[in-house]
Protein chains: 2
Amino acid sequence: MKQQKKSIRTEIFDWNQYLPGISIDCAIFGYHEKELKILILEYRKSGIFALPGGFIRKNESLDAAAKRVLQERTGLDNIYLNQFHTFGSLERDNPEPMRTVLEKNDIPAPDHHFLLQRFISVSYLALVDFKKVEPEPDFFSDSCLWYDVNDLPTLMLDHGQIVQTALRYLRSNINNQVIGQNLLDETFTMGELQKLHETILGENLHRTGFHRKMMLSDRLERLGKKKTGKAHRAPFIYRFKKQS
Amino acid sequence: MKQQKKSIRTEIFDWNQYLPGISIDCAIFGYHEKELKILILEYRKSGIFALPGGFIRKNESLDAAAKRVLQERTGLDNIYLNQFHTFGSLERDNPEPMRTVLEKNDIPAPDHHFLLQRFISVSYLALVDFKKVEPEPDFFSDSCLWYDVNDLPTLMLDHGQIVQTALRYLRSNINNQVIGQNLLDETFTMGELQKLHETILGENLHRTGFHRKMMLSDRLERLGKKKTGKAHRAPFIYRFKKQS
DNA sequence: TTTTATTGTTACACTATTAAACAATGATAA
DNA sequence: TTATCATTGTTTAATAGTGTAACAATAAAA
């Protein structure tokens, strides 16, 4: 973890470069040690947890802004990224969490401060390679860490609902989207792919049925090699076909 | 069609009651004479066509705003309404269409006019009963009319893309959602329901397969009565079960 | 060589879907 | 009254897909 302390000079930060009233929140999923993880940031000194997010520059498209925010937080480009819902409940119209963050960091928090307005949140789902990500806290945050989706802290405002909506979206698209391609290594065994699906769906799948379905889907190619390891038949290793 | 001319006093309209930079656009679908229709409005004297839309009040949730906009345009409450995508391309960052509308109506159009800013559009899909709708033009519009989705005029900005996205959403959800419940009369024949599905999907379905699938879905109840008409067996009439 | 654990394959039952054949029936025409 | 016509409802056969279990293969350890 990088320990370089960034100077918090947000009072002179140019908030004016962004569109007011619209934020982007990202549910960034990764997969590690058989657990589905999501990136959560914690605001400095406040004990307030939130999804990583950002704002839209005045001459930037919505999708480009989401891509930029992702790049800033994960260091990754070319990420699987998908807008899934826009949240605008009145529950969001609550400046208190951000006021606490500002005050705990000794930043003036006048009522008209950019961060204290009501935001409509356009939310994106991202799937990233856990090992390639170097989470980057932002100005106000002292951590941006992976959490097991089943063991999350209480999140700010409606961010808990956003996560649940993202999870539903992920689960309902597990067969349409090429989930594994973005969450697994380049190559993997059938067992590893099945475990990923089970983790996302939160239920066990029948081994042979899953195996057959995947092979019939014609999206995998079997690499002739086998893996070595324990006292049993070695599994084939697979990878997703390039195009589909 | 109501002919009462509303006075166009938009220059004193209180735009300040709305959140800036965010609009709501509605793809409002109806079904009439075996055609899928969508409500399109034409701005007065300008030849500019657009989806009906509106803005979010400062103390109103996003969904409530969409419901209100729908109510204002169709006169209907309790509408099937579903957010499907938020559009924010730079193509939208173009004040010219609205400037034309304002100028053609002799309304001052300074650069800072509310309607000339860049809007991010949260788009909703609505399914309404064609016969119950009394389309209401807004301040700037001289018509709000039903168009066949296959015969639309050129729409403002990216509204054409919005319609196509809404159609894809509708087609992909034709089995998940209870489409017919919102687009057909209370009672209908199996042939009418099939024709609706065919119209939405743009392809022919097998009659007997469709019939059985619908009956097995356990969402229809057959009303003992039959319909009278032509020189052939009379069809049963059906309606959707109350709850599911 | 045998045992063990896990993977890959095959088989069977059951369900869903496609496609066609067939039966039912309200009006019309003979 | 009877035959026919057009359309709807039902049944059947063929095909494809899924859930489940049995069985075969095999790498390492005993």
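The sequence lines fix the lettering, A, B, ..., with proteins before strands; numbering per chain opens at 1.
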Go through C/dT25, C/dT4, C/dG8 for me and flag the one nearest to the A/Tyr238 side chain. C/dG8
Using heavy atoms to find the nearest nucleotide of DNA chain D for A/Phe210 and B/Met215 separately, return the residue whose nucleotide is more 5′. B/Met215
A/Tyr31 and A/Asp129 side chains, donor-acceptor separation under 3.5 Å: no
Below 4.0 angstrom from OP1 or OP2 of D/dT8, is there any side-chain N or O of B/His211? no
Separation of D/dT11 atom C1' from B/His206 atom NE2, nearest Å, is 17 Å
Kindly say whether, by distance alone, the side chain of B/Arg222 makes a donor-acceptor pair under 3.5 Å with the base of D/dG9? no
Any donor-acceptor N/O pair under 3.5 Å between D/dG19 base and A/Arg207 side chain: no
note: B/Lys230, atom NZ; D/dT7, atom C1'; distance rounded to Å ~ 10 Å
Between A/Asp25 and A/Ser123, do the side chains contain a donor N or O and an acceptor N or O under 3.5 Å apart? no
Round to a whole Å and report the spacing from CG of B/Asp218 to C1' of C/dT15. 17 Å
Rounded to the Å, how far apart are A/Arg233 CZ and D/dA25 P? 8 Å
Take atom CG of B/Leu216 and atom P of C/dT15, then tell me their distance rounded to the nearest Å. 12 Å
Examine A/Tyr43 together with A/Phe49 and report whether their ring centres are nearer than 6.0 Å. no
Nearest of C/dT7, D/dA29, D/dG9 to any side-chain atom of A/Ala231? D/dA29
Note: for A/Thr208 and A/His232 on DNA chain C, the residue whose nearest nucleotide lies more 5' is A/His232
In this structure, how many angstroms lie between the P atom of D/dT8 and the CZ atom of B/Phe188, rounded? 15 Å
First of B/Gly191 and B/Arg212 reached from the 5' end of DNA chain D, by closest nucleotide: B/Gly191
Atom-to-atom span, CZ of B/Phe236 to C1' of C/dA23 - whole angstrom: 13 Å
Pair A/Phe188 + A/Phe240: ring centers closer than 6.0 Å: yes
Min side-chain heavy-atom separation A/Ile174-A/His197 under 4.5 Å: yes
In whole angstrom, give the distance that lies between atom NZ of B/Lys213 and atom P of D/dA16. 18 Å
